[in-house]
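Predicted model only: the values in this text are computed from it and were never measured.
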Amino acid sequence: MTDGRDGTPRTNGSDTPLPRTFFDRPPLDVAPDLLGRFLVRGTARGDITVRLTEVEAYAGETDPGSHAYRGRTRRNASMFGPAGHAYVYFIYGMWWNLNLVCGRDGHAGGVLLRAGEILTGREQARERRPAARDDAELGKGPARLATALGIDRDLDGTDVCSGEQGAPLGVRAGRPVGAAAISAGPRTGVGGAGADHPWRFWITGDRTVSPYRAHQPRRRQR
């Protein structure tokens, strides 16, 4: 039995893996529906569980803000499907970011995981993020979240819908958030034609949500 909206089985538990059909939808449909879901990072030391609180949608070849806007490359190949896999990329020469691939196979699309609340495995997260002033800052921002989870390029292309015990990444039903508790606005740091798209979604008032920063054009060297 499903909830009739995304194919998620209707159970009393929050640990039910999300099916691939959940991700086989446009990124703008998947993004707000990910809020409140649980991302599970499996490690040799045990699972780190994150309640997702902030995400951004990217529409691939039709979206100037997307890595796939100019077509498929070696770096962005995972964005082109199949749905329900991870897309991991390096940014600013320092940080990893984690995305979940959405939409039809062969058509790029994804959701950037911007922030979350660490529910289990906090000790591991604190070791990777010793500068965090409190637990709310462990995953407050996409680079911080990826660092806390130990995400790197080795996880690019990982299937998050396998449901296998001990899988390196998985997404569970969690505690979905109703539309009344969700805010939307422009994506952080995106300029150009996609700057004003209200494709960032977050749980209103949640302490783990990252601050919004508008795009800052780079100054040309004289």
Side-chain angles (χ1 to χ4, degrees), residues 18 22-23 25-41 50-70 73 75-81 83-103 107-118 138-153 155-158 160-161 169-171 174 177 182-203 206 208-215:
L18 290 181
F22 177 94
F23 297 97
R25 299 180 291 159
L28 279 169
D29 292 340
V30 175
D33 207 3
L34 277 170
L35 296 175
R37 309 291 186 171
F38 293 169
L39 174 71
V40 181
R41 169 72 166 107
V50 179
R51 175 177 171 262
L52 297 175
T53 60
E54 182 186 6
V55 297
E56 285 180 344
Y58 288 86
E61 303 100 317
T62 63
D63 178 7
S66 171
H67 289 170
Y69 183 58
R70 291 180 173 83
T73 66
R75 180 198 191 201
N76 67 25
S78 294
M79 281 193 76
F80 288 79
H85 286 69
Y87 167 48
V88 179
Y89 65 87
F90 204 45
I91 187 169
Y92 303 135
M94 295 185 293
W95 312 111
W96 297 101
N97 280 185
L98 173 61
N99 303 254
L100 300 179
V101 179
C102 308
H107 295 268
V111 177
L112 171 64
L113 305 186
R114 285 201 55 86
E117 175 190 7
I118 308 292
L138 288 173
K140 191 173 189 174
R144 291 176 174 180
L145 179 61
T147 300
L149 296 178
I151 301 296
D152 61 23
R153 184 71 178 179
L155 293 173
D156 183 53
T158 299
V160 303
C161 299
L169 285 173
V171 185
V177 177
I182 295 175
S183 296
R187 294 172 293 185
T188 297
V190 174
D196 295 329
H197 294 343
W199 291 357
R200 181 171 67 101
F201 304 92
W202 65 93
I203 299 176
D206 194 284
T208 65
V209 173
S210 65
Y212 171 72
R213 293 184 177 88
H215 173 69

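- Separating the CH2 atom in Trp202 from the CG atom in Leu35 is a distance of 10.5 Å, to the nearest 0.5 Å.
- In terms of heavy-atom proximity, Leu169 sits nearest to Ala86 at CD1-CB, 4.0 Å.
- In this structure, Leu100 and Val171 have side chains that are in contact, with non-hydrogen atoms separated by less than 4.5 Å.
- No side-chain donor-acceptor contact under 3.5 Å links Glu56 to the backbone of Arg114.
- Between Arg200 and Thr188 the shortest side-chain heavy-atom distance falls below 4.5 Å.
- Between the CG atom of Asn99 and the CE atom of Met79 there is a distance of 6.5 Å, given to the nearest 0.5 Å.
- Annotation for Gly103 and Ala83: closest pair O-CB, 3.5 Å, computed over non-hydrogen atoms.
- Residue Asp152 holds its CG atom at 10.5 Å from OG1 of Thr147, rounded to the nearest 0.5 Å.
- For the atom pair Leu149 CG and Ile118 CD1, the distance stands at 5.5 Å (nearest 0.5 Å).
- Shown here for Pro27 and Ala57, the closest heavy-atom pair between the two residues is O-CB, 3.8 Å.
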(request) Decide side-chain contact (heavy atoms from CB on, under 4.5 Å) for Val30 and Phe22; before the verdict, give the C-alpha distance in whole Å, the side-chain angles of both, and the deciding distance to 0.1 Å. (result) CA-CA 7 Å; Val30 175; Phe22 177 94; 3.8 Å; yes
(message) Is there a side-chain contact (heavy atoms from CB on, under 4.5 Å) between Trp199 and Val190? Walk through the geometry before answering.
(response) CA-CA 11 Å; Trp199 291 357; Val190 174; over 6 Å; no
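- Here NE2 of His85 is found 12.5 Å from SG of Cys102. Values are rounded to the nearest 0.5 Å.
- Inter-residue side-chain proximity for Phe90 and Arg153 is flagged as unmet; no heavy-atom pair is nearer than 4.5 Å.
- A pairwise comparison of heavy atoms in Ala115 and Ser210 identifies CB-N, 4.3 Å as the closest pair.
- Side-chain contact between Glu54 and Asp206 is absent, with no heavy atoms from C-beta onward closer than 4.5 Å.
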(message) Between Val50 and Leu113, does the side-chain contact (heavy atoms from CB on, under 4.5 Å) criterion hold? Intermediate values first, please.
(response) CA-CA 11 Å; Val50 179; Leu113 305 186; over 6 Å; no
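- In this structure, Leu98 and Leu145 have side chains that are not in contact, with every pair of non-hydrogen atoms separated by 4.5 Å or more.
- Using a distance-only test at 3.5 Å, with no hydrogens or angles considered, a donor-acceptor pair links the side chain of Asp156 to the main chain of Val88.
- Annotation for Val209 and Ile203: closest pair CG2-O, 3.8 Å, computed over non-hydrogen atoms.
- Across Leu112, Val111, Leu28, a single residue satisfies side chain to side chain contact (heavy atoms under 4.5 Å, CB included) together with Tyr58, and that is Leu112.
- Aromatic ring orientation, His67 versus Tyr87: perpendicular (interplanar angle above 60°, classes split at 30° and 60°).
- Taken to the nearest 0.5 Å, the CG atom of Asp33 stands 11.5 Å off from the CG atom of Leu52.
- The side-chain heavy atoms of Phe23 and Val160, taken from C-beta on, include a pair separated by under 4.5 Å.
- Thr62 places a side-chain N or O within 3.5 Å of a backbone atom of Ala59 that can act as its donor or acceptor partner.
- Using a 4.5 Å heavy-atom threshold, the side chains of Arg51 and Phe38 count as touching.
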